[in-house]
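Along the sequence shown, the residues carry numbers beginning at 1. For clarity, every value in this text was computed on a predicted model and none was experimentally measured.
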Amino acid sequence: MIRRPAANGTFALITQPDHAIFAGFLAEHLGNATFAQPMPLHPVRAAVAHHDDGWHLHDDVGRATLNKDSAPLHVFEIDMPLATRIWSASAERAAPLGPYAALLVSLHQLALSAVAQKQGDPKPHERARSPQDQFLLNKFQHRQIEHQEDLRRQLNLRTDVPLKLGLAQPNMHPAEDALRFHFHLLTLCDRLSLQLCCAMPLFPEIENVEPSAQAAPLTLRTHFLNEACTELAVTPWPFDCARLSADIPVRRVPSAPFESMDTFREAYARAEVERVRMIVRTG
């Protein structure tokens, strides 16, 4: 769930699956004179559009929860038990998309777990992650590595090469270069969509975006163009037209603390679905 600040004392709530659909829309338009279109397009686009399908376990009406301050739980506030359950479900639900898309989704979930692990590593004078959380994280990562090995066999990709978070080093093999290229495009579209939906400058720089499968990676820069944080500029520009827009479904709920989970879920269920137009344009 994304908890976006809105007018008149409300939050605009956006589900993670809807954020992913917007990312998938962006993926459809990848490619221009500088950036190669992902090929084959369909499994890459499908992976981008469905990389957060596990969030239905939380974000669907009747399932969303509150944080410790009795506000709708934001995506960046989830604990390890919920995170690993959602990441696992996202990887599992990608199976009908085919092995290539499923591999990309699993790679994305594994990368999320690595980010969570790094963020949870204790600094001096901080308490370490609980043994229970570390166990859940380790178990999730091991299962995804095994899952990816199975998908690699189905795709005739090698399972005997050194991998870092499921990806080989550059220039090892054209198929590995293509996989890394497509994974980083998924990450790019995910981060552009996430910034707009969250109304936060989360990724002013997006690194390691290859213009093509065997090209040196670039760093893309982003910034908002309006106070409402509904229009985002990107440079260098990776898409096939100078401006892309889509209407994102939101439900508005009061921003005041909710008395109970039931009160929140009732308000969430009653809220009408509105649309907020999000725009990505060349910088």
Hydrophobic clustering (ILVMFWY, side-chain heavy atoms < 4.5 Å, transitive) - are [Y] and [X] grouped together?
| X | Y | value |
| --- | --- | --- |
| Leu13 | Leu194 | no |
| Phe11 | Ile2 | no |
| Leu57 | Tyr268 | no |
| Leu167 | Leu157 | yes |
| Ile206 | Val48 | no |

* To do: Give the ring-plane orientation class for Phe25 versus Phe22, where under 30° counts as parallel, over 60° as perpendicular and anything between as tilted.
  => parallel

Could you tell me whether [X] atom [atom1] has more than 12 heavy atoms of other residues or ligands within 6.0 Å of it?
| X | atom1 | answer |
| --- | --- | --- |
| His42 | NE2 | no |
| Phe135 | CZ | no |
| Asn8 | CG | no |

* side-chain contact (heavy atoms from CB on, under 4.5 Å) assessment of Val253 paired with Phe258 -> CA-CA 10 Å; Val253 299; Phe258 285 91; 4.0 Å; yes

Are any of the side-chain nitrogens in [X] or [Y] under 4.0 Å away from the carboxylate oxygens of its partner?
| X | Y | answer |
| --- | --- | --- |
| Glu205 | Arg191 | no |
| Glu274 | Arg251 | no |
| Asp262 | Arg265 | no |
| Glu272 | Arg252 | no |

How close do [X] and [Y] get, counting heavy atoms only, and between which atoms?
| X | Y | value |
| --- | --- | --- |
| Glu28 | Asp240 | O-OD2, 4.4 Å |
| Met278 | Cys197 | CE-CA, 4.1 Å |
| Ala168 | Leu163 | N-CD2, 3.6 Å |
| Gln154 | Pro99 | OE1-CB, 3.8 Å |

Does a side chain donor of either [X] or [Y] reach within less than 3.5 Å of an acceptor in the other side chain?
| X | Y | answer |
| --- | --- | --- |
| His50 | Asp53 | yes |
| Asn208 | His184 | no |
| Asp190 | His19 | yes |
| Asp59 | Gln16 | no |
| Thr187 | His108 | no |
| Gln144 | Ser106 | yes |

* **Donor-acceptor pair, side chain of Ser245 and main chain of Arg277, under 3.5 angstrom** => no

* To do: Determine, stepwise, if the pair Arg243 / Glu231 fulfils salt bridge (charged side-chain N to carboxylate O under 4.0 Å, His left out).
  => CA-CA 10 Å; Arg243 181 181 183 274; Glu231 191 166 354; 5.0 Å; no

* Verify salt bridge (charged side-chain N to carboxylate O under 4.0 Å, His left out) between Glu176 and Arg158, making sure each step is shown before the conclusion. => CA-CA 9 Å; Glu176 298 291 349; Arg158 292 178 61 180; over 6 Å; no

